[in-house]
Amino acid sequence: MKTFYATTPIYYVNDLPHIGHIYTTVVTDVVTRFRRLSGEPTRFLTGTDEHGQNIEKAAAAQGIPPLALADRVVERYHQLYRTFEIRNDDFIRTTEARHRRGVEALIARIAAAGDFYTAKHEGWYCSSCEAFYTEKELDPEKRCPVHATATAWESEENVFFRLSKYAGPLLEHYERHPEFVRPESRLAEVASFVRGGLNDLSVSRSKVRWGIPFPGHPGHVVYVWLDALANYITALGFGSPEDRFYREFWDHPEAERVHFIGKDILRFHAVYWPAFLLSAGLPLPTTVWAHGWWLRDAKKVSKSVGNVVRPDALVAEFGPDAFRYFLMREMAFGQDASFSDEAFLTRYNADLANDLGNTVSRVAALCRQSFGGTPREVCTDNEIVGAFGDAEAEWRAAMTACQFARALEAVWRLLTAVNGYVVAKEPWKIRKQEGADSARLHRVLSASAEGVRLAAVMLSPFVPFTSRRIFETFGMMAADPTASDLAWGRLPVSAPMPELPALFPRADAAAYFQKETAMTESAASPAPAAPEDDRIAIEDFQRVRLRTAKVLVAERVPKSNKLMRLEVDLGGERRQIVAGIAAQYAPEQLVGRNVVVVANLKPAKLMGVESNGMVLAASVGEAGAPVLLDVPADVPPGSKVK
RNA sequence: GGCGGUGUAGCUCAGCUGGUCAGAGCAAGCGGCUCAUAUCCGCUGUGUCCGGGGUUCAAAUCCCUGCACCGCCA
């Protein structure tokens, strides 16, 4: 029997949930709801990645065991899932015994294939990355390219996986299964990477303690990705006697297995993971679907314009369904999209309030006013039947291809058809002329209401709560629909219809932004650490004018331990800048040195001395000791830094 | 530097293997209805389909080249 299995990545508990997590999870939820609605046996897995040095450290910093830290974050995810009505069948945590058992089983198979060997692994190790770097990847002072913190030369015996051996088989697999990576352009990227040759992968760590002990290698734990990726099968019971789900949803000729991921972790899913599986002789996933990122609209910073990004506020104000709808409708799946409150409000009003909400409201009102309930007969011969057939076919094709925006457009065409039909038939006139008993009136409203009901069925994967409300409005049970509901003529006859509040009351965008602005401004205190995406757009960065400068004069600011008064050459312009570096640098170390400065900073007075800019320095260690950024002596002063 | 992608109406984007492909939605303008959440229905426009070459009877669609932006790798 054909089965469908979909997963999100397991989320690292070092990070609180943000829009990226919400998006991937909602996508997977929509897809699995669609499959269930189509009657396919379906399984939806998500979970958390809880091992690694970073977790160990973060927990130690808070004085709690790592597992307690993980518990807290896991609770945040559960909350999130309740809010958005995520219907996952399982939630795996890498600290669970079933996961460990599965990882051990996977490792046993790879070992049996002879794909592990031990060798000395040396290099510059960054403990934050839990990774080794080569000399040329580091700056001259051997600092980590990601964290800019000191790395240490480490040398240890590690277990290696013969990844190099699988470059050929992987390329062959890509060739034979072009659907293995979606979208297509990503497959090209991955293939290009593999064609460049693969190095064997170190898959054990002795520096890390918080992890799964590597079988047969005391003191070593399993490398985080080998541990984490395995979740997709360990959650199904792989390696356990109770592996019914594994046999049904993974190791089965007709099982479809899809990983939804962000494009940032494509390589792990499309290279490492299938290589592990090939080695272990297990089936590969059918498709790895890499979606894009939500970028922030940063055209204007003015809050009154309405580009304040506050997903929490939007969800609170307009509800999780509106947010789910926006995410699925606005992003062309696979590409990046930009997020703005403005776009959200536009979609909300145009699509949800006007089209969906108003159509439900008008058809329901017509029925209620005419019959006090649903029509007494089912009309099977009308223009809406055909519109539904077309919409359903398009919707199904688009959903199967993960073209969510298209699927939604198809449903909206059905809504437009209903509205056009209502306008053409003018049921309010029929009622006046022929009375509420008119058979024609019953048929017209039956067709209209049935169109709305079917739109709600097709929308149920996207906006489950709203769909149930629509069913309720038309006298049905407020339950998730099943495959048989997706056929014409299932609207109950002469059923009482409760009068419910508007689904999506029209929003006054101007008033909303005014309120948000007021709230933002009144929140003078530091914003709470919201689990938000804090990436910025390139335009944000470009507002900062960074320039190189040569220090001409340096002297300590009287009565200050930290402040140093500098006069710098900014390429023809002489500037006075005060920098808090006197504790670490002597004036004579500074004169003649090249530095990087922020050239367009508003002037400020420090200890009575005016400063016109800021010298950039890395902030090192707990105390944040400044370490000036180096600029080679031959870079002329005033050069742009970008 | 290598590989790949993108560039289509004011905005967001559809346009597969070349021949109603010059489109949809939003925004704008005009008209209509009044059942409905000032909602709905109909009509209307602007586009050097990034620039330049080429193949072809025919190219937004294929090839070459230039520019801009983006991604992966180094």
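First the proteins, then the strands, lettered A, B, ... as listed; each starts at 1. Because the structure is predicted, anything quoted here is derived from the model rather than measured.
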Residues touching RNA chain B, which here means a heavy atom under 4.0 Å, drawn from [range]:
range	value
residues 401-416 of chain A	A:R406, A:T416
residues 433-458 of chain A	none
residues 180-200 of chain A	A:R186, A:E189, A:S192, A:F193

task = Only pairs at least two apart or in different chains count here, so list each side chain to side chain donor-acceptor pair (under 3.5 Å) that has a residue in residues 443-459 of chain A.
result = A:E450-A:R453
query = Would you say A:F268 has more than 12 foreign heavy atoms packed within less than 6.0 Å of its CZ?
reply =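 Yes, because the 6.0 Å sphere around CZ of A:F268 holds more than 12 heavy atoms from other groups.
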query = Got a sec: does the CD of A:E175 have more than 12 other heavy atoms crowding it under 6.0 Å?
reply =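 Incorrect, the count does not exceed 12.
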ask   = Which part of the nucleic acid, if any, lies within reach of A:D355 when heavy atoms closer than 4.0 Å are counted: base, sugar-phosphate only, or nothing?
value =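 Sugar-phosphate only.
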task = Just call it for A:R267: base, sugar-phosphate, or nothing, with non-hydrogen atoms closer than 4.0 Å on any strand.
result = sugar-phosphate
Can you tell me how far [atom2] of [N] sits from [atom1] of [X], to the nearest Å?
X	N	atom1	atom2	value
A:E394	B:A14	CD	P	16 Å
A:D264	B:C73	CG	C1'	16 Å
A:E330	B:A14	CD	C1'	15 Å
A:R329	B:A24	CZ	P	15 Å

message = Within the structure provided, determine whether A:D381 and A:V385 are in side-chain contact (heavy-atom separation under 4.5 Å).
response =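 The answer is no, as the side chains (C-beta and beyond) never meet within the 4.5 Å cut-off.
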query = Are A:E394 and A:R406 close enough for a salt bridge, meaning some N to O gap below 4.0 Å?
reply = no
inquiry  = Between A:K165 and A:D200 (salt bridge meaning N to carboxylate O under 4.0 Å), is one present in this structure?
reply    = no
request  = Using a 4.0 Å heavy-atom cut-off, write out nucleotides 28-38 of chain B from 5' to 3' as B (base contacted by protein), S (sugar-phosphate only) or - (no contact).
outcome  = -----SSBBB-
key: Set of ring pair (Phe, Tyr, Trp, His ring centres under 6.0 Å) partners for A:F161, sequence neighbours left out   = A:Y166, A:F276
